2 protein chains.
Amino acid sequence: MARDGARPGSRPAAAGRLRLADYLPYRLSVASNRASGLIARAYQARFGLSIQEWRVIAVLGEGAPRTAQGVCEATAMDKVTVSRAIRALDARELVRRSANEHDRRASDVTLTPEGEAIYAEVAPLALRYEAALLEGFSPDERARLMALLSKLEARLDAGGFG
Amino acid sequence: MARDGARPGSRPAAAGRLRLADYLPYRLSVASNRASGLIARAYQARFGLSIQEWRVIAVLGEGAPRTAQGVCEATAMDKVTVSRAIRALDARELVRRSANEHDRRASDVTLTPEGEAIYAEVAPLALRYEAALLEGFSPDERARLMALLSKLEARLDAGGFG
DNA sequence: TGAAATTAGTTGCAAATGATACTATTCTGC
DNA sequence: GCAGAATAGTATCATTTGCAACTAATTTCA
């Protein structure tokens with residue numbers, strides 16, 4: 001993939017000139033969509049789970065029960081999205097909602113045994129996909145990639161844009 | 001953001017255990033959505049452009065006229081998405097479609113002067129956003145991040161999943 | 001206390017998206 | 001030069017998404 005050197009017919013890549021193929025937000029978007037799409041198709045085909053539903057299961061599988069709000073924080077998903085994902089999982093009896101002891105607006109969400117069973121199947125599959133994605137990356141490269149993504153997120157948290 | 005060390009109430013992070021916060025496809029998705037969302041809001045607010053429309057303008061601004069198919073290849077967008085974006089831009093007279101000399105199914109899409117003017121305004125803005133995102137990254141880190149993303153895309157191209 | 005502001009979660013609606021099918025044109029190979 | 005396959009682009013329809021409004025419960029603080 002020739003990302004360096006002028007493409008036929010394109011203007012010379014002057015300093016500061018925008019080239020979509022080298023533009024970080026675009027690169028991130030393409031990589032993310034392709035990676036997520038690939039894995040999403042697998043979840044969908046084998047378990048009938050959307051990415052959103054899978055993420056809810058993933059954080060609940062980490063152990064502690066969470067409120068919908070807690071799921072929002074852990075998954076960086078919108079509260080509407082989380083609400084719908086939980087409802088769908090509840091309908092399939094993969095999660096259960098129970099009254100939160102301290103706040104009657106909220107309910108605690110936990111995996112049912114069926115939910116745990118799905119988690120036990122999907123989690124290793126997800127890890128295998130990640131491993132396949134990172135095949136050929138040295139441990140150092142993997143760590144660096146994660147660290148760079150963290151740094152990027154820290155910049156996004158910092159704000160100071162606009 | 002404490003990504004290392006057990007979160008209260010979570011199970012210990014055993015080897016090979018899935019933790020969403022450390023899962024590459026998830027990390028990519030969050031970083032991408034946040035970065036794109038931030039910039040998309042700026043395009044939308046100032047120029048009324050969706051990300052898709054902006055991408056079409058960006059590749060046309062690179063110089064050569066392209067057919068819709070050419071735009072698809074350059075933007076990694078679906079042909080339906082590209083078709084709609086071009087139609088919207090055409091309606092606003094930011095692009096023009098003209099008969100392709102070699103293939104009467106296709107038309108060449110070029111920026112109108114108005115489109116060029118928008119490009120001339122948006123491109124520097126986009127570059128400033130990218131620069132702000134990468135503030136604090138050394139040139140070496142930037143190069144490494146791009147290289148790692150390329151490697152990831154190469155893995156995705158390679159297939160061999162499932 | 002108790003009025004006003006905030007938060008948890010859901011619902012409704014409008015817009016975005018994506019798969020599929022369709023038209024028109026071009027290519028392939030005989 | 002022609003039948004069949006492939007391609008450019010568009011239209012259609014069902015699903016998904018995202019915002020704003022809403023209810024109910026909780027917090028704030030005068």
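Order of the sequence lines sets the chain letters (A, B, ...), proteins ahead of strands, with each chain counted from 1. Being a predicted model, the structure only gives us computed values, none of them experimental.
Applying the ring-ring contact (aromatic ring centres under 6.0 Å, His included) definition to pairs two or more places apart or across chains, those involving residues 21-45 of chain B are B:Tyr43-B:Trp54.
Side chain of A:Thr67 to main chain of A:Ser107: no donor-acceptor pair is present (N/O by atom type, distance under 3.5 Å, no hydrogens or angles). Looking only at distances, a side-chain donor or acceptor of A:Asn33 sits under 3.5 Å from a matching main-chain atom of A:Ser29. Side chain of B:Arg155 to backbone of A:Leu134: no donor-acceptor contact under 3.5 angstrom is found. Of the possible donor and acceptor atoms, one in the side chain of B:Ser150 sits under 3.5 Å from a partner among the backbone N and O of B:Met146.
Checked for salt-bridge contact, B:Lys151 and A:Glu141 meet the test: a charged N lies under 4.0 Å from a carboxylate O. Under the 4.0 Å criterion applied to side-chain N and carboxylate O atoms, A:Arg92 and A:Glu114 are not assigned as salt-bridge partners.
Under the 4.5 Å side-chain heavy-atom criterion for Ile, Leu, Val, Met, Phe, Trp and Tyr, A:Ile57 and A:Ile51 are members of distinct hydrophobic clusters. In this structure, A:Met77 is a member of the same hydrophobic cluster as A:Val59, with clusters built from ILVMFWY side-chain heavy atoms closer than 4.5 Å.
The minimum heavy-atom distance between A:Pro65 and A:Asp108, with the atom names listed, is CB-CB, 4.5 Å.
Of the inter-residue distances, the one linking A:Leu148 atom CG with B:Arg144 atom CZ reads 8.0 Å to the nearest 0.5 angstrom. Between the CZ atom in B:Arg84 and the CG atom in B:Leu89 there is a gap of 14.0 Å [rounded to 0.5 Å].
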Using the rule given for salt bridge (charged side-chain N to carboxylate O under 4.0 Å, His left out), can you reason through A:Arg66 versus A:Glu73, listing the C-alpha separation, both sets of side-chain angles and the distance that settles it, and then say yes or no?
CA-CA 10 Å; A:Arg66 292 178 188 266; A:Glu73 283 158 18; over 6 Å; no
Test side-chain contact (heavy atoms from CB on, under 4.5 Å) on B:Leu18 and A:Tyr119; report intermediate values, then the result.
CA-CA 10 Å; B:Leu18 181 85; A:Tyr119 177 78; 4.2 Å; yes
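Residue A:Glu93 qualifies as open at atom CD: its count of foreign heavy atoms under 6.0 Å is 12 or below.
Taking 4.0 Å as the cutoff to heavy atoms of chain B, we find the contact window on DNA chain C bounded by C:dT17 to C:dT26.
DNA chain C is contacted by both A:Ser83 and B:Lys79; A:Ser83 maps to the nucleotide lying nearer its 5′ end (nearest heavy atom per residue). Nearer to the 5' terminus of DNA chain D, by closest-nucleotide assignment, is the contact made by B:Ser107 (compared with the other of B:Ser107 and A:Asp78).
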Under 4.0 Å protein heavy-atom contacts per nucleotide of nucleotides 11-17 of chain D, with B for base, S for backbone only and - for none
B-----B
What are the atom names and distances for every N/O pair under 3.5 Å that joins the protein to nucleotides 2-4 of chain D?
none

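Taken residue by residue, residues 92-105 of chain A places heavy atoms nearer than 4.0 Å to DNA chain C at A:Arg97, A:Arg105.
Counting non-hydrogen atoms under 4.0 angstrom, B:Ser50 reaches nothing in the nucleic acid.
For B:Met77 and D:dA8, the CE to P distance is 16 Å, given to the nearest whole Å.
Two end axes, each from the C1' atoms of five base pairs, can be drawn for the helix from C:dT1-D:dA30 to C:dC30-D:dG1; they diverge by 40°, to 10 degrees.
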